[in-house]
Amino acid sequence: MASTAYAEQSKTEAVTAHVLWMTTGLSCEGDSVAMTSATNPSLEDIILQAIPGMPKVIVHNQVIDYAVGQEYAQAWFDAEAGKLDPFVLCIEGSLGNEEINGDGHWTGFAVNPSNGQPITMNEWMDRLAPKAAAVVAIGTCATYGGIPAMKNNPTGAMGVPDYLGWSWKSKAGLPVICIPGCPAQPDNMTEVLLYLALHLAGLAPAPELDEALRPKWLFGRTVRESCNRAGFAEQGDFATEYGSDHRCLIKLGCKGPVVKCNVPVRGWVNGIGGCPNVGGICMACTMPGFPDKFMPFMDEDKYGAMAANVIKFSYGPIVRYFRMRNIRREYDVEPEWRRRSSTLSSGYAKRW
Ligand code: SF4
Ligand code: SF4
C-alpha cells in the first residue's frame, strides 16, 4: 500500500508544469514583486518542490529569472510551438486595445523574427491562450482593467476576461482564473498557483470560482466581515482622524463593507500588515469597479456614512452601554467561590 503511494507520488513529481508569467501588460510589476514575499507557500517552496507529491514547477517571470533578452523570451516561443506542456499562462497588467493603437503599439514583448517588430500583448494572447492549460489573470489590472482602464484612459485598456470573453475556457476546461488586488495579496497568488499545479497533476478538483471568476475560498467574504474593527462599527464607534484610534474607519472613507477581499484576515506578509485592520482605509483595490467607482478614496461613502449614523444614534450606544456594564459587573469579576477558606463553596457534591 505504502509503496503504491510512493510510486504515485513520484509519478506526480515527474510532471513538469511551466508557469509563463507575462508582466508586460499595462502593469507596474507590483504583483511580481509582492509574490516574492509570499510565505504560505513561498515561491521557493513551489520552485524547489518542497511540498511532497507536487509536480515540478518552472516559473518564467522577468522579475526573478536569470535569463535575459532572447534567451528569456524563448520559453514563450517554445510554448507556442507545443514544446512546453502543460503550461499556465499568467498575465499581469491590463491589455491595451491594439485595434486602436495607430501606428505603434501599447504593449509588447519580444520581437517578431519575420519583421523585427514588437509582438503585442494582444498577439501573444491570441497565440498562447488556446494552448494554455489555464490562463490566470493576476492583479486588478489583468483581471478587470484596474487603474490603466480608468475613465479617460487613451489605450482602451481591459482585463483578460474582457479580452478573451467571460465564458472562455482553456483546453483543460478551466475559465480564466482571476486573482485581483492592487497588488494581489502574496499568498493568494502562490496558493492558487500551487492549487493549479495540483489540479493539473490530477490531485485536486478544479478551483471553484464566483461570478467575477475569483476563487471562492479567497474572495467569499467582505472586508468588513473579517475586519478586526467591525466590533467597533457594531457599537456605533467611529474614528474621526487617522492615527492610533482603533475604531472603525468608515467615516474616513473606508470602503470595506462593499468590498470582497481577505487581506484583513490574512494579513499581508506572514500574517503581518493589511489595510483597515492596521489603520489604512480599504480603497477597494480588488473590485471590478476599482478605481472609478470608489473615488475620491478619502471621502466618506454616502451609504456607509448613512448606515454609520443610524448605528451611532440608535442601537449602537445601547449595545455599547450594556456590553460594557456586563463586562464590568459580571465578566471582569471572578466567581465568588475562588478564595481562601476552610470550607469548599464551589458547589462540588461528593458522590462516593
Ligand atoms: S494590479 Fe496594481 S499592483 Fe498589479 S500591475 Fe496593476 S497597478 Fe500594479
Ligand atoms: S482590504 Fe481593501 S485596500 Fe486592502 S487589499 Fe483588500 S481591497 Fe485592497
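Counting starts at 1 for both ligands and their atoms, in listed order. Bear in mind the structure is a predicted one, so any value in this text is a computation, not a measurement.
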Considering only distance and modelled atom types, tabulate donor-acceptor pairs under 3.5 Å from the side chains of residues 331-338, sequence neighbours left out.
none

Which atom pairs, donor and acceptor, lie under 3.5 Å between side-chain atoms of residues 345-352 and protein residues at least two apart or in another chain?
| unit_1 | atom_1 | unit_2 | atom_2 | d |
| --- | --- | --- | --- | --- |
| Ser345 | OG | Arg339 | NH2 | 3.3 |
| Ser346 | OG | Tyr348 | N | 3.4 |

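The aromatic rings of Phe109 and Tyr72 sit perpendicular, their planes meeting at an angle over 60°, well past the 30° parallel limit. Ring planes of His18 and His60: parallel class, angle under 30° (limits at 30 and 60°).
Protein N, O or S atom count below 2.8 Å of atom 2 (Fe) of ligand 2: the structure gives 1.
From Thr24, atom OG1 reaches atom CH2 of Trp76 across 7.5 Å, with rounding to the nearest 0.5 Å.
Residue pairs meeting the side chain to side chain donor-acceptor pair (under 3.5 Å) criterion with at least one partner in residues 166-192, sequence neighbours excluded, are Asp85-Lys171, Asp162-Trp166, Asn188-Asn262, Asn188-Arg266, Glu191-Trp217, Glu191-Arg266.
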